[in-house]
Amino acid sequence: MYKDTNCGDPRESNVGDQITVAGWVHRRRDHGNLIFIDLRDRSGLVQVVFNPGYAEKAHDLAGSLRSEWVVQITGKVVARLPGAENPDLPTGTIELSATDLVVLNRALTPPFEVSDDAEIEANTRLKYRFMDLRRPKMQAMLKTRHKVTHIMWDYLTEQGFTQVETPILIKSTPEGARDYVVPSRVHPGDFYALPQSPQQLKQLLMVSGVERYFQIARCFRDEDLRADRQPEHTQLDLEMSFVHQDDVMAVVEELYTRIVNETSSHMTMTEPFTRLTYAESMERFGTDKPDLRFGLELTTITETAANSDARVFQSAAGSGGSIRGFVAPGCGNYGRRQTDNLTEFAKSSGAQGLVFIALDESATSIEELENDHIKSPLKKFLSLDTIKQFATEMGAKPGDLMLIVAGTEKLVNTVLSNLRNEMGRRLELADDNRLEFAWVTDFPLFDWDEDLQKYEPAHHVFSTPKPEHMEYLDTDPGKVIGTLWDLVCNGSEMGSGSIRIHDKDLQTRLFNIIGYTEDQIADRFGQLLTAFTYGAPPHGGMGLGLDRLVAILLGETAIREVIAFPKTQSAFDPLFEAPSPIEDQQLEDLHVRIVMPKT
RNA sequence: GGUCCCGUGGUGUAGUGGUCUAACACGCCUCCCUGUCAAGGAGGAGAUCGUCAGUUCAAAUCUGAUCGGGAUCGCCA
């Protein structure tokens with residue numbers, strides 16, 4: 001070993017010890033005769049002092065040291081001079097008085113400082129990711145990520161799960177997201193696909209009798225990127241046999257509680273996780289992934305609004321739409337600029353406009369409300385009584401701002417849930433140190449696709465309908481609720497699960513509802529349906545995003561920050577410069593010809 | 001595929017028609033310095049302002065295209 005001690009370890013109790021450390025030169029402070037080096041390794045920093053009177057050769061060499069050089073230093077742990085301690089450093093009460101210095105490797109001047117404060121452009125960071133990952137924050141991220149997966153392995157092993165690796169080269173099933181595909185050399189003209197998730201494979205494992213399976217699985221989707229989406233992401237994939245919804249939830253809830261408690265000292269969470277149905281979540285928050293760290297719940301005022309003289313409300317209600325809103329407490333004093341800004345925000349979410357009604361705080365109560373207390377662009381169309389009724393229904397008080405959107409139910413919900421999150425941020429209602437997990441259950445099985453005029457699976461086709469909704473499968477599929485749920489946290493979807501179908505006939509009926517032909521069913525799902533006829537146990541499970549979990553634990557919004565080697569928004573890797581052209585010979589071997597797009 | 005923001009020494013920013021022969025901080029190089037820890041002091045090097053085209057007497061600055069990064073809508077069973 002090049003070292004017997006890690007930089008971050010020595011304490012006052014080690015004073016007098018002769019130690020050897022090795023690491024990177026973090027910083028050099030050259031006082032001429034006295035030279036200080038902060039030496040960094042994975043454990044932290046230690047100050048090394050080179051004293052010419054104590055070790056002349058080492059001191060001479062230390063003068064040539066530069067940032068990020070790799071060195072080995074031997075010396076004695078000494079207590080720092082009184083007053084020279086550094087309280088910001090765990091090793092701050094001691095220093096290493098060097099006797100020997102070996103330069104193991106030099107380094108070019110780094111492209112950016114290896115420090116947490118440095119804000120470097122994303123592209124530069126990725127191009128030099130090997131340097132970026134040296135930053136203490138990134139080192140901590142890698143460790144947290146490891147710890148999370150370690151707890152997953154430990155806990156699920158305790159619970160009788162078996163980890164099984166499923167193949168990366170599988171069959172393409174073109175519905176849903178676009179597949180990444182890999183040409184086959186041995187089968188000219190044929191392609192493998194990279195898995196979007198090991199869904200069918202894990203269900204087959206249930207038929208195989210594994211009963212409890214998990215995998216930290218890489219999943220691939222050839223779709224456009226976002227802050228929370230990468231072309232390849234990692235999910236905790238798990239599946240259990242002979243279970244009901246609550247059994248799966250219990251395992252995941254205990255696992256996630258353990259993960260939060262063991263990886264984060266400052267995050268607080270509410271136990272047990274909140275539960276609400278999809279319908280309830282849409283009603284109260286306008287979204288299926290509500291941020292429960294704050295209230296600002298939505299209210300429906302369609303009826304009252306439709307009876308007013310405001311044409312926006314009349315026409316929305318008349319065409320079967322809805323009128324909903326929420327109260328921004330204490331925002332009744334918002335000026336033109338602020339309300340315009342909120343209107344802009346609402347429009348960017350697709351709204352035609354935003355109706356706001358500001359109530360002056362000088363009113364003593366809603367009952368005593370006078371016209372002078374009200375500011376609203378719709379003031380002349382809304383009677384004082386109507387506004388009082390809005391305030392009562394929505395729970396507004398003097399000094400509050402009512403935000404109201406009219407339109408189709410879907411649009412109103414989208415706009416208001418975005419606006420709700422925005423107000424939560426602006427009013428600083430969302431505590432960064434709180435994790436509000438929630439189970440959102442009873443999702444509908446199908447969505448009606450207006451463009452294609454057909455039903456689409458809301459999550460996926462393998463979820464079982466609620467027994468009491470079986471009758472609607474043929475008559476009104478849109479009404480069918482599935483045994484299908486999401487885990488959400490702070491407004492993000494953390495994972496999705498369901499009790500799966502294990503019956504060939506039922507599964508085939510569902511495929512038919514979403515319009516698959518017999519040939520398509522046989523081609524894409526034949527193996528699964530066949531397996532179901534050989535004794536498939538009832539089973540269910542979840543897929544849970546690992547990147548998002550780690551991101552939320554570390555307070556990051558972009559999952560790029562918690563992936564060692566992520567890609568840019570154009571799915572490019574600036575470090576390896578992938579993707580890249582391949583040799584003609586490779587193309588020939590693969591029986592692939594390139595047709596460039598017309599420019 | 002759409003919309004919006006950004007691109008200036010190694011890094012992060014300022015400069016938004018002429019005063020730019022491009023400023024500041026950090027970093028880098030040389031020298032000085034025995035208690036610093038974002039060390040300090042003195043001096044120095046380093047940028048055709050992403051690229052191309054246009055407007056103009058004059059472009060880092062205005063216009064268009066293009067490339068790259070980011071946010072977001074579509075998309076993401």
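Numbers restart at 1 for each chain; the letters A, B, ... are given by sequence-line order, proteins then strands. Since the model is a prediction, treat every value here as computed from it, not as a measurement.
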Undergrad: Considering only side-chain heavy atoms of A:Thr568, which listed nucleotide, B:C76, B:G69, B:U34, is closest?
TA: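 Of B:C76, B:G69, B:U34, B:G69 is nearest to the side chain of A:Thr568.
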Undergrad: In whole angstroms, how far is the C1' atom of B:U11 from the CZ atom of A:Arg135?
TA: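 After rounding, the gap between these two atoms is 11 Å.
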Undergrad: In whole angstrom, give the distance that lies between atom CG of A:Asn51 and atom P of B:U36.
TA: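 A:Asn51 atom CG is separated from B:U36 atom P by 15 Å.
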Undergrad: Rounded to whole angstrom units, what separation is found between the CD atom of A:Glu223 and the P atom of B:U72?
TA: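 Computing the A:Glu223:CD to B:U72:P distance gives 16 Å.
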Undergrad: On a whole-Å scale, what distance lies between the P atoms belonging to B:U61 and B:C6?
TA: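 Straight-line distance between the two P atoms is 14 Å.
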Undergrad: Give A:Leu81 one of three labels, base, sugar-phosphate or nothing, depending on what nucleic acid heavy atoms sit under 4.0 Å from its own.
TA: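 Base contact.
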Undergrad: For the C1' atoms, the ones on B:U3 and on B:A45, what distance do you get once it is rounded to whole angstrom?
TA: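 The same atom, C1', in both gives a distance of 44 Å.
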Undergrad: Looking at residues at least two apart in the chain, or sitting in another chain, which of them share a salt bridge (Lys or Arg N to Asp or Glu O under 4.0 Å) with A:Glu85?
TA: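 Partners of A:Glu85 under the salt bridge (Lys or Arg N to Asp or Glu O under 4.0 Å) test: none.
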Undergrad: So what does A:Arg229 touch, heavy atoms closer than 4.0 Å: a base, only the sugar-phosphate, or nothing?
TA: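 Base, at least one base heavy atom under 4.0 Å.
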Undergrad: Between B:C76 and B:U51, how many Å separate the two C1' atoms, rounded to a whole number?
TA: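 Each nucleotide's C1' atom is 33 Å from the other's.
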Undergrad: For A:Gln569, report the nucleic acid contact type (base, sugar-phosphate, nothing); a contact means any heavy atom under 4.0 Å.
TA: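 Counting heavy atoms under 4.0 Å across all strands, the contact made by A:Gln569 includes a base.
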Undergrad: Can you tell me which nucleotide in B:G69, B:C37, B:U34 comes closest to the side chain of A:Phe572?
TA: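 Taking heavy atoms from C-beta onward, the closest nucleotide is B:G69.
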Undergrad: Looking at the side chain of A:Arg29, which of B:A71, B:A39, B:U30 is the nearest nucleotide?
TA: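 Nucleotide nearest to A:Arg29's side chain: B:A39.
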Undergrad: Tell me, please, which residues at least two apart from A:His460 pass side-chain hydrogen bond (donor to acceptor under 3.5 Å, both in side chains).
TA: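 Expected list: A:Arg500.
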Undergrad: Give the rounded distance in Å between these two atoms: CZ of A:Arg28 and P of B:C28.
TA: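 Whole-Å distance recorded here is 7 Å.
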Undergrad: Taking the same atom, C1', in B:A22 and in B:A59, what whole-Å distance lies between them?
TA: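 Roughly 13 Å separates the two C1' atoms.
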Undergrad: Taking the side chain as every heavy atom from C-beta outward, state whether A:Arg66 and A:Thr109 have any atom pair closer than 4.5 Å.
TA: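 SC-SC contact between A:Arg66 and A:Thr109 ruled out.
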Undergrad: Using a cut-off of 4.0 Å on non-hydrogen atoms, how would the nucleic acid contact of A:Glu95 be classed: base, sugar-phosphate, or nothing?
TA: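 Since a base atom lies under 4.0 Å of A:Glu95, the category is base.
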Undergrad: Hey, which sits more toward the 5' end of RNA chain B by its nearest nucleotide, A:Val461 or A:Ala227?
TA: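 Closest to the 5' end, via its nearest nucleotide, is A:Ala227.
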Undergrad: Select base, sugar-phosphate, or nothing to describe what A:Ala84 touches, counting heavy atoms under 4.0 Å on all strands.
TA: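 Base contact.
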Undergrad: Applying a 4.0 Å non-hydrogen cut-off, can you work out what A:Gly176 is touching in the nucleic acid: base, sugar-phosphate, or nothing?
TA: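 A:Gly176: backbone/sugar contact only, no base atoms under 4.0 Å.
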Undergrad: What does A:Ser570 touch in the nucleic acid at a heavy-atom separation under 4.0 angstrom: a base, only the sugar-phosphate, or nothing?
TA: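 The answer is sugar-phosphate, as A:Ser570 gets under 4.0 Å only of primed atoms, P, OP1 or OP2.
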Undergrad: Measure from the side chain of A:Phe36, starting at C-beta and using heavy atoms only, and say which of B:G12, B:U36, B:U34 lies closest.
TA: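 Of the options given, the side chain of A:Phe36 lies nearest B:U36.
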Undergrad: With rounding to whole Å, what would you report as the distance between B:G40 and B:G27 at their P atoms?
TA: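 The same atom, P, in both gives a distance of 8 Å.
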Undergrad: Nearest to the side chain of A:Arg226, heavy atoms from C-beta on, is which of B:C76, B:G12, B:C75?
TA: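 So the nucleotide nearest the side chain must be B:C75.
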Undergrad: Counting side-chain heavy atoms from CB outward, which of B:U30, B:U36, B:G70 is closest to A:His31?
TA: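 It is B:U36.
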Undergrad: With heavy atoms under 4.0 Å as the rule, sort A:Asp38 into base, sugar-phosphate or nothing.
TA: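 Result for A:Asp38 = sugar-phosphate.
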Undergrad: Just compare B:G1, B:U11, B:U72 and give me whichever is closest to any side-chain atom of A:Asp224.
TA: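 It is B:G1.
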Undergrad: Measure CG/A:Asp486 against C1'/B:C76 and give the value in whole Å, please.
TA: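 Rounded to whole Å, this separation is 14 Å.
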Undergrad: Taking the same atom, P, in B:A71 and in B:G64, what whole-Å distance lies between them?
TA: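 The answer is 25 Å between these two P atoms.
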Undergrad: For the side chain of A:Leu34, starting at C-beta, report the closest nucleotide among B:U11, B:G27, B:U34.
TA: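 Nearest nucleotide to the side chain: B:U34.
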Undergrad: Run A:Asp573 and A:Arg129 through salt bridge (Lys or Arg N to Asp or Glu O under 4.0 Å) and show every step you take.
TA: CA-CA 10 Å; A:Asp573 175 352; A:Arg129 190 60 158 181; over 6 Å; no
Undergrad: Just compare B:G70, B:C26, B:C76 and give me whichever is closest to any side-chain atom of A:Ala177.
TA: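 Of B:G70, B:C26, B:C76, B:C76 is nearest to the side chain of A:Ala177.
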Undergrad: Under a 4.0 Å N-O cut-off, is there an ion pair linking A:Lys466 with A:Asp442?
TA: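 Result for this pair is yes, salt bridge flagged.
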Undergrad: For A:Gln199, answer base if it contacts any base atom (sugar-phosphate contacts may also be present), sugar-phosphate if it contacts only those atoms, and nothing otherwise; contact means non-hydrogen atoms under 4.0 Å.
TA: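 Base, at least one base heavy atom under 4.0 Å.
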Undergrad: Answer with base, sugar-phosphate or nothing: what part of the nucleic acid does A:Gln47 contact at a heavy-atom distance below 4.0 Å?
TA: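 Base, at least one base heavy atom under 4.0 Å.
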